[in-house]
Undergrad: 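Let me give you the structure first, and then I'll get to my questions.
We name chains A, B, ... by the order of the sequence lines, and we start the count at 1 in each one.
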Amino acid sequence: MKSLKTINKLLQGSLKGDPGYRIKGVNSLDSAMEDEIAIAAKDLPDTKNIKAGALVVKEGSNINHKNLIYVKDPYIALSELIGYFFPDKRFCEGIMDNVYISPDAVIGKNVSIGNFSYIGNGVLVGDNCEIHAGVVLYDNVNVGEGTKIYSNVVIREEVVVGRNSIIQPGAVIGSDGFGFARDNEGRPVKIPQKGNVKIGENCEIGANVCIDRSTLETTIIKDNVKIDNLVQIGHNVKVGKSTSISAQSGISGSTEVGDNVIMAGQVGLADHIRVGNNVIVAAKAGITGNVKDKSIVAGIPHQDLMSWKKSHVILRNIEKYIDKIKILEKKVDKMEGK
Amino acid sequence: MKSLKTINKLLQGSLKGDPGYRIKGVNSLDSAMEDEIAIAAKDLPDTKNIKAGALVVKEGSNINHKNLIYVKDPYIALSELIGYFFPDKRFCEGIMDNVYISPDAVIGKNVSIGNFSYIGNGVLVGDNCEIHAGVVLYDNVNVGEGTKIYSNVVIREEVVVGRNSIIQPGAVIGSDGFGFARDNEGRPVKIPQKGNVKIGENCEIGANVCIDRSTLETTIIKDNVKIDNLVQIGHNVKVGKSTSISAQSGISGSTEVGDNVIMAGQVGLADHIRVGNNVIVAAKAGITGNVKDKSIVAGIPHQDLMSWKKSHVILRNIEKYIDKIKILEKKVDKMEGK
Amino acid sequence: MKSLKTINKLLQGSLKGDPGYRIKGVNSLDSAMEDEIAIAAKDLPDTKNIKAGALVVKEGSNINHKNLIYVKDPYIALSELIGYFFPDKRFCEGIMDNVYISPDAVIGKNVSIGNFSYIGNGVLVGDNCEIHAGVVLYDNVNVGEGTKIYSNVVIREEVVVGRNSIIQPGAVIGSDGFGFARDNEGRPVKIPQKGNVKIGENCEIGANVCIDRSTLETTIIKDNVKIDNLVQIGHNVKVGKSTSISAQSGISGSTEVGDNVIMAGQVGLADHIRVGNNVIVAAKAGITGNVKDKSIVAGIPHQDLMSWKKSHVILRNIEKYIDKIKILEKKVDKMEGK
């Protein structure tokens, strides 16, 4: 149990209420009980059903409650509260029994490695990393300090992962890019893929994501990029800093995505294009050409979001307009004396 | 070899033909030979090329054949016939040599566990379960009786899987939800994901599916839900009973899907919406808002299937209507004396 | 270091320049330095920034450079050059320590098997195969000579993989098809999936791809088929020779795809349809019916690419046409004396 005073200090907030009130944990607004704290990110029409003992709200918020902590950003506060009440546990202490580590690999201090993981030749694993069970690090993989790799992840040869990144289960980093020539008879001929992948610091790679290695150069995921589950990143792609890519989206080969881009789910980007900085891409959009900085786009092929919405409203009413055309035709025919 | 009498009894059908006829197995209608049985779910224009020794048909069917078994539902019969002629074999007898089981885990009776599987602290595995090779069950996972988990599946901490469910290879259950705050400089900041996932009884989870854990609460997959390969289920989603989700579909965070919903392939659902009971969603649809019970929807954004079809027929002929407009313009201009 | 004479001989090209010029390796056109060779597949507006010591160009090309090798197909040359300068290394020599091999399996000559791999009963592994770490081959899998299976791949029982194929990490071959009957109360009832999958020679299966086994027959991937990451192949699908399927595409059950088809990314094919030979499918298309040989299709539902483009150009300008209709209505009303 923690006092609201302690929690307020943690959040660097401003407390209105009882500093001695005791809080057991953090929960969602709907589920939090008397001994729990919750965030209320937006103004609430009605607080009757809220049982939480304290609420964290945005500065200037109009919410009434016996115990309020005002903060700049309730979501940042939520991140801090969950980290505080649910501290991360390591997968295991040190290196478990049944792990293969090449004699040629270098493992840092305070590293955890779970059973049935495979660490190849020349691999470097930084201090404080966690490598869970059934992970395969091929030769010469380089994992930065503090990075956490969940079970059954595969990282192919020569791939570099920066510090404090997280790779969810089943992700594959450094699989061969999809590159083929065609022989005389039209059969595809593999172009060997011998480049690599570099992932920055503080990145998150979702479950069962695939990031392909470049043919000869480097597929690059910059710092603070967050990639959701089942995303496909083609060979030689560059993804800029702090960009966020939602589930099941795909980026085709050699395409560049700028910084701070937000891609919703099931988006597709064509190959060899450039999406600028601070672009927002609506769900299921198909981007077929370059996109300027700060654009908001939707549709297949993509267009400005507002234009796309207008077109779709019209399309939904298109029958009405077709009827108008038919009526006009009749009237004009009549006037023409037909 | 089994007699048709025996098979008819199994299917609780009505036999017309030779009860002593001997059947070796079940096969598809195209491939079944003289000593095999097949189902003919629909009336057939022509039975000349059918070589099957016996056919299972729907009650009231008009198909002619020397050996017919009439049943209420030929597909249910197919399920029974395949189960009968191809009984499931267990992956292995008992627990193989090279398995890690935490001393703190509780393993039921008659459980099979394949090599290189990892069973964490506090895990409960019910009686008669099969856990194949390379499976990772993180701490405190709870697997109900008779559930089968194929190879290289990863189930993260605190996840609950009900009885008699099947999880196909490579699926990841309980990966972190995709939740981020933004710091002062716009960089994404991870909101730790400390809820869990509960999967009901008689569920099927496809290969390489990802189901994210909730931030603080529970992502729920109810009984009899069937999920095809490569589907993404976001954090805090609820999926109702007997719902079926086809391959590569995705459900965004906090969305609720009702009972008996049928989602075709590559469908996407926005976050925080509610799809009612008995809804049918056409392939590739993008659902952007709530959907009422019993609706049939298609398109991006979704609309009623019939409206969507009409709009698309018009769109395909749109050039014709544009021409009509141009002709009208000319005629009207002429009348106006221009 | 190799002489251009040697490289020219390898490529069976025609050298214009210094046969004694020494080359260390192959690199991309942008990155290659004085001691490297690059391909220039197309004519270049400007060669000022090119530092490569030699260029491989198409016969008849107009590019100027001190060292040129003319070849029929620069991409085939690229494949050969990379293979030459980056020879493949085997994952490991022979069979590593901690591998499970059923006494009943047959392993060919010169096979590599990585740690924590599982080889079931009756498995056949051909000569010169590589099976990396954490691979699971269920009972009676048959892997042809020279095939390479990357880490954490799962191949289910009875699946056949042809010679010289490559399976990228995390792929699942032979998972259960998505087939269900419905019981009296509308609950889905599993139809057991007891067919198998046959993959041809020289195929490539991408990372985290899923290929389902057929209910009773065989899902077939013919020779030289190339499948990109995260693709879904439903049960009983047939894919013809030399067809290429880009990332995140899906083919529904019992559909047949012809030879030499090119499917771009995120495409979906309905079930029980036939896509002809030499068809090209644009990204994100949704194919809802049969497609004739040599068609080029796009859209949801699919249509001829050119028609699709025309419709979309009109759709983007649809507001303009709606305005025209409104003006016409006013004019006609006026003429009618309203």
Undergrad: What residue in B/N98, B/I325, B/D183 has the most heavy-atom pairs under 4.5 Å with chain A?
TA: B/N98

Undergrad: Do the ring planes of B/Y138 and A/Y150 sit parallel (below 30°), tilted (30 to 60°) or perpendicular (above 60°)?
TA: tilted

Undergrad: Can you see which heavy atom on A/P169 is nearest to which on B/R156, and at what distance?
TA: CG-CD, 4.1 Å

Undergrad: Is A/F86 close to B/L216 at the side-chain level, that is, under 4.5 Å between some pair of heavy atoms?
TA: yes

Undergrad: So which part of A/N224 gets closer than 4.5 Å to some heavy atom of chain B, the side chain, the backbone, both or neither?
TA: both

Undergrad: Can you tell me if NZ on A/K241 sees more than 12 non-hydrogen neighbours from other groups inside 6.0 Å?
TA: no

Undergrad: If I take atom OG from residue A/S242 and atom CZ from residue B/R187, how far apart are they, to the nearest 0.5 angstrom?
TA: 7.0 Å

Undergrad: In terms of heavy-atom proximity below 4.5 Å to chain B, should A/F116 be classed as side chain, backbone, both, or neither?
TA: side chain

Undergrad: Which of the residues B/A181, B/S175, B/P192 is involved in the greatest number of heavy-atom pairs with chain A at under 4.5 angstrom?
TA: B/P192

Undergrad: Salt bridge check, A/K89 against B/D139: does any charged N sit closer than 4.0 Å to a carboxylate O?
TA: no

Undergrad: Counting only heavy atoms closer than 4.5 Å, note whether B/V313 contacts chain A via side chain, backbone, both or neither.
TA: neither

Undergrad: Under a 4.5 Å heavy-atom cutoff, which of A/K72, A/H312, A/M96 has the most pairs with chain B?
TA: A/M96

Undergrad: For the residue pair A/H132 / B/Y118, report whether a side-chain donor-acceptor contact shorter than 3.5 Å exists.
TA: no

Undergrad: For the CD atom on A/E59, are there more than 12 heavy atoms of other groups (residues, nucleotides or ligands in this structure) within a distance under 6.0 Å?
TA: yes

Undergrad: Is chain A contacted by the side chain of B/V209, its backbone, both, or neither, given a heavy-atom distance below 4.5 Å?
TA: backbone

Undergrad: Are there residues of residues 317-324 of chain A whose heavy atoms fall under 4.5 Å of chain B's heavy atoms? If so, which?
TA: A/I318, A/E319, A/I322

Undergrad: Do you know the tightest heavy-atom contact between A/Q248 and B/S249?
TA: NE2-O, 3.1 Å

Undergrad: For the residue pair A/I76 and B/R182, establish whether any side-chain heavy-atom pair is separated by less than 4.5 Å.
TA: no

Undergrad: Could you tell me whether the side chain of B/F180 reaches within less than 4.5 Å of the side chain of A/S79, counting heavy atoms only?
TA: no

Undergrad: Could you check which of A/S28, A/A282, A/A247 has the highest count of heavy-atom pairs closer than 4.5 Å to chain B?
TA: A/S28

Undergrad: With a 4.5 angstrom heavy-atom cut-off, is it the side chain or the backbone of A/N260 that approaches chain B, or both, or neither?
TA: side chain

Undergrad: Can you find a heavy atom in the side chain of B/D176 that is under 4.5 Å from one in the side chain of A/Q168?
TA: yes

Undergrad: Can you confirm whether B/S307 sits close enough to A/R316 that some side-chain heavy atom of one is under 4.5 Å from a side-chain heavy atom of the other?
TA: no

Undergrad: Does a side-chain N-to-carboxylate-O contact under 4.0 Å join B/K194 and A/D88?
TA: yes

Undergrad: Any side-chain heavy-atom pair from A/N152 and B/V172 closer than 4.5 angstrom?
TA: no

Undergrad: Between atom CG of A/L78 and atom CD1 of B/I191, what is the distance when rounded to the nearest 0.5 Å?
TA: 5.0 Å

Undergrad: Can you check whether B/Q232's main-chain N or O pairs, donor with acceptor, with A/N229's side chain at less than 3.5 Å?
TA: no

Undergrad: Which answer fits B/S117, side chain, backbone, both or neither, if we ask what part of it has an atom under 4.5 Å from a heavy atom of chain A?
TA: backbone

Undergrad: Heavy-atom distance under 4.5 Å to chain B: side chain of A/Q266, backbone, both or neither?
TA: side chain

Undergrad: To the nearest 0.5 Å, what is the distance between CZ (B/F178) and NZ (A/K226)?
TA: 8.5 Å

Undergrad: Would you mind checking which part of B/Q303 comes under 4.5 Å of any heavy atom in chain A, side chain (CB onward), backbone (N, CA, C, O), both or neither?
TA: both

Undergrad: For A/D228, is there any backbone N or O sitting under 3.5 Å from a side-chain donor or acceptor partner on B/D212?
TA: no

Undergrad: Can you confirm whether A/K148 is buried at NZ, in the sense that more than 12 heavy atoms of other residues, nucleotides or ligands lie under 6.0 Å from that atom?
TA: yes

Undergrad: Measure the CG-CG distance between A/N208 and B/N208 for me, rounded to the nearest 0.5 Å.
TA: 4.5 Å

Undergrad: Is it the backbone or the side chain of A/T243 that comes under 4.5 Å from a heavy atom of chain B, or both, or neither?
TA: neither

Undergrad: I need the residue from B/G179, B/G234, B/A285 with the largest number of non-hydrogen atom pairs under 4.5 Å to chain A.
TA: B/A285

Undergrad: Taking salt bridge (charged side-chain N to carboxylate O under 4.0 Å, His left out) as the test, write out the residues that go with A/K330, two or more places apart.
TA: none

Undergrad: At a heavy-atom distance under 4.5 Å, which candidate from B/I327, B/V189, B/I300 has the highest pair count against chain A?
TA: B/I300

Undergrad: Under a 4.5 Å cut-off applied to non-hydrogen side-chain atoms, are B/K190 and A/I166 in contact?
TA: yes

Undergrad: Top residue by heavy-atom pair count (under 4.5 Å) with chain B, among A/L81, A/D97, A/I245?
TA: A/I245

Undergrad: Side chain, backbone, both or neither: which part of A/V26 has a non-hydrogen atom closer than 4.5 Å to chain B?
TA: both

Undergrad: As an exercise, state the distance from CG of A/L315 to CD1 of B/I314, rounded to the nearest 0.5 Å.
TA: 8.5 Å

Undergrad: Check each atom of A/I227 against the heavy atoms of chain B and say whether the ones under 4.5 Å are side chain, backbone, both or neither.
TA: backbone

